[in-house]
Amino acid sequence: MKPITVMTIFGTRPEAIKMCPLVQELDRRPGINSLCCVTAQHREMLDSVLDIFGRKPDFDLDIMQPRQTLSTITSKTILGMDDVLAQVKPDLILVHGDTSTTFAGALAAFYHQIPVGHVEAGLRTYDKWSPFPEEMNRKMVGCIADLHFCPTVANRDNLARENITEGVFLTGNTVIDALQTTVRKDFRFTTDILNNLDYANRKVILVTCHRRENYGQPMTNIMTALRRIADAFPEVELVYPVHLSPVVQEAAHTHLDGHERIHLIAPLSVDEMHNLMARCHLVMTDSGGLQEEAPALGKPVLVLRRETERPEAVAAGTVLLAGVEEEDIFSMASTLLSDAAAYDKMAHAVNPYGDGQACRRIADAIQHHFDPSFPAPETFAP
C-alpha cells in the first residue's frame, strides 16, 4: 500500500497539547504520510506548545485577529481549509475535541468528501449551552466523523446512545501521553516566583478560570471564593496563570490584586503548566484538560463549573464538581485543605483517562481502517 496521508488540524493550546504527541507518533510511522495544519485560533499559546514538541506545522492558516468572534473563527477556518484540502487531498483529516477549529475543520473536510477522525470523541453534558460552544461543536463533529477515538468507556457509551457504533475505538486520552514528555524532576521555571515557591512546606493551589459560560457573576463568585481561601489559610500560596482574554484579565485583577499570597502570572507554556501541576497541592479549574492531567499526577481537582463532560472523573473520585457559587467553592476547598483523609482519598484515586499509549492505539486504528490486515489496536482498559 502507498502511505496513508493523514492531516492533523488544530488551533488552540489545549488541542496542541493533546495532538502534538499524536503527530509525533504519526510522523514515526512508515505507513503514514503525516501532515500538520494549524489555524492559530490561539496564536501565542499555540506556538509555545509547538516549540516544546519540536513540530513545525506544514500549513498555518494564521486566522487569529483581535476580539475575534465564533463566527470569524469558523468562517476563516473553512475558507482557509478549502485551499489546503484542494491542494493536498489527504486520505484522512484528524480533529480534536470541541473547539471552533475542530468543528470548522471537520465541516471543511466533509465539504471536500474527506473522511474525518475525531480524537477525544464522545464527551457530552447534554446541555447545548454549557459548555458553550463546545457541547454543540463536539456533537456536530460526531455526526460528521468516520472514526471516533474515545478516551473512556463513558465516552463510547455516549456515542452508542446516539447510534454511533461503527469506527469507534476506546484509546485512553492522549494528554497522558503528553505528560511523559513534559514533566521532569529537574525542571526549572522561567519565572523566579515559581522557582522560589516552597512546594514542600506550603500548600500551593494552581488555579485556571477562563470559560465563556463563567463570564459575569459566576466568575465574580469564583474570584471572591479564591480570595477567601487565601485569607482563611495562611499556609496557602495561590498561583493563577491568567488567560489573555480581556474579560478574564479584568475579573482576576479586580478581585485578586494586592494579596501577598495570590500570584497572578502570565499564561504558562505547556511544560511549565505540567511541572507546576506536578508540584502543587491542589488544582482548581474550569478547564477540561486539567481534569484529566492533574489526576495522572496525583493531584485532587475542584471543577469550577456547574457540570462536567468528564463524569468518569467524578465517579473515580479524582475530581469534585464545586460549581460556581462562592460558598460551595470555599467549603469544598476548605475540606481538602484541612482534612488529610479527604485529600488522600482523592490524591490516590485511580485516574480513568489513560496509560500513556493512546497515540499508539489511534495510529494503529487508522492503519487498520485503511488496511484490515494491519492488526487492530487493543482496547484501553483503565
S.K.: Any chance CZ of Arg67 has more than 12 other-residue heavy atoms, nucleotides or ligands included, within less than 6.0 Å?
M.R.: no
S.K.: Side chains of Asp146 and His118 only: does a donor on one sit below 3.5 Å from an acceptor on the other?
M.R.: no
S.K.: With rounding to the nearest 0.5 Å, note down the distance linking CD1 in Ile222 to SG in Cys209.
M.R.: 4.0 Å
S.K.: Less than 3.5 Å apart, any donor N or O on the side chain of Glu272 or Thr190 sitting next to an acceptor on the other?
M.R.: yes
S.K.: Determine whether the side chains of Asn195 and Asp192 contain a donor N or O and an acceptor N or O closer than 3.5 Å.
M.R.: no
S.K.: Are His210 and Ser245 packed together at the side-chain level, in the sense that at least one heavy-atom pair is separated by less than 4.5 angstrom?
M.R.: no
S.K.: So, do Tyr343 and His281 have ring centers that fall under 6.0 Å from each other?
M.R.: yes
S.K.: Are a donor atom and an acceptor atom from the side chains of Thr174 and Asp177 found within less than 3.5 Å of each other?
M.R.: no
S.K.: Would you call Arg202-Glu235 a salt bridge at under 4.0 Å N-O?
M.R.: no
S.K.: Taking Glu25 first and then Arg360, would you say they form a salt bridge - that is, a charged N and a carboxylate O separated by under 4.0 Å?
M.R.: no
S.K.: Near Tyr111 OH, under 6.0 Å, is it more than 12 heavy atoms from other residues, nucleotides or ligands?
M.R.: no
S.K.: Would you call Asp60 and Arg43 a salt bridge, taking side-chain N to carboxylate O under 4.0 Å as the test?
M.R.: yes
S.K.: Quick one: is the NZ or CZ of Arg228 closer than 6.0 Å to the six-membered ring centre of Phe330, and within 45° of its axis?
M.R.: yes
S.K.: Contact between Leu94 and Val6 at the side-chain level, heavy atoms closer than 4.5 Å - yes or no?
M.R.: yes
S.K.: Tell me yes or no: between the side chains of Glu312 and Tyr353, is some donor less than 3.5 Å from an acceptor?
M.R.: yes
S.K.: Return yes if a side-chain donor-acceptor contact under 3.5 Å exists between His243 and Gln249, otherwise no.
M.R.: no
S.K.: Does the side chain of Met7 come within less than 4.5 Å of Leu85's, by heavy atoms?
M.R.: yes
S.K.: So do the side chains of His274 and Ile17 get within less than 4.5 Å of each other, counting heavy atoms only?
M.R.: yes
S.K.: Specify the closest pair of heavy atoms between Leu92 and Gly117, including all atoms of both residues, with the distance to one decimal.
M.R.: CD1-N, 3.7 Å
S.K.: Within a reach of under 6.0 Å around CD of Glu166, are more than 12 heavy atoms found that belong to other residues, nucleotides or ligands?
M.R.: no
S.K.: Which pair of non-hydrogen atoms, one from Asn158 and one from Gly122, has the smallest distance, and what is that distance?
M.R.: ND2-O, 2.8 Å
S.K.: Using 0.5 Å steps for rounding, measure from the CZ atom of Arg261 to the CG atom of Leu197.
M.R.: 12.0 Å
S.K.: Under 3.5 Å, is there a donor-acceptor pair between the Thr102 and Asn137 side chains?
M.R.: no
S.K.: When you compare the side chains of Lys76 and Gln65, does any donor N or O come within less than 3.5 Å of an acceptor on the partner?
M.R.: yes
S.K.: My understanding is that only one of Thr99, Thr101, Leu107 makes a side chain to side chain contact (heavy atoms under 4.5 Å, CB included) with Phe103; could you say which?
M.R.: Leu107
S.K.: Could you state the interatomic distance from CG (Leu238) to CE (Met284), rounded to the nearest 0.5 Å?
M.R.: 7.5 Å
S.K.: Looking at Gly356 and Ile176, what are the two nearest heavy atoms and their distance?
M.R.: N-CG2, 3.7 Å
S.K.: Let's go through Asp127 and Arg306 carefully: what are the C-alpha distance in whole Å and the side-chain angles of both, what is the deciding distance for salt bridge (Lys or Arg N to Asp or Glu O under 4.0 Å) to 0.1 Å, and is it a yes or a no?
M.R.: CA-CA 11 Å; Asp127 177 353; Arg306 292 187 177 92; over 6 Å; no
S.K.: Val95 and Met19: which non-hydrogen atoms are nearest, and at how many Å?
M.R.: C-CE, 3.9 Å
S.K.: Between Glu292 and Lys18, does a salt bridge (Lys or Arg N to Asp or Glu O under 4.0 Å) hold up when you go through it step by step?
M.R.: CA-CA 11 Å; Glu292 302 153 349; Lys18 294 181 176 184; 2.5 Å; yes
S.K.: Can you name the nearest heavy-atom pair linking Lys89 to Ala86, along with the distance?
M.R.: NZ-O, 2.8 Å
S.K.: Side chains of Thr182 and Asp271: is there a donor and an acceptor less than 3.5 Å apart?
M.R.: no
S.K.: Whether the Gln217 and Thr220 side chains hold a donor-acceptor pair (N or O, under 3.5 Å, no angle test) is what I'd like checked.
M.R.: no
S.K.: Hydrophobic clusters here meaning ILVMFWY residues chained together by side-chain heavy-atom distances under 4.5 Å, can you tell me if Leu159 and Phe169 are in one?
M.R.: no
S.K.: Quick check: do Lys139 and Arg124 have side-chain heavy atoms less than 4.5 Å from each other?
M.R.: yes
S.K.: Do Glu309 and Thr125 have side-chain atoms, one donor and one acceptor, less than 3.5 Å apart?
M.R.: no
S.K.: Would you say the side chains of His348 and Asp344 form a donor-acceptor pair under 3.5 Å?
M.R.: no
S.K.: Got a second to check how far Leu35's CG is from Asp27's CG, nearest 0.5 Å?
M.R.: 9.0 Å
S.K.: For a quick test of reading the model, state the closest non-hydrogen atom pair linking Ser287 to Thr208 and the distance between them.
M.R.: CB-OG1, 3.8 Å
S.K.: Is Glu134 paired with Arg211 through a side-chain N to carboxylate O contact shorter than 4.0 Å?
M.R.: yes
S.K.: Flag the pair Thr12 / Leu46 as yes when at least one side-chain heavy-atom distance between them is below 4.5 Å, and no otherwise.
M.R.: no
S.K.: Among Thr171, Thr165, Ile164, which one satisfies side chain to side chain contact (heavy atoms under 4.5 Å, CB included) with His148?
M.R.: Ile164
S.K.: Does a donor on one side chain and an acceptor on the other come within less than 3.5 Å for Gln367 and Arg29?
M.R.: yes
S.K.: Apply the test salt bridge (Lys or Arg N to Asp or Glu O under 4.0 Å) to residues Lys203 and Glu237: give CA-CA distance (whole Å), side-chain angles for both, the deciding distance (0.1 Å), then the verdict.
M.R.: CA-CA 6 Å; Lys203 292 183 177 179; Glu237 300 278 349; over 6 Å; no
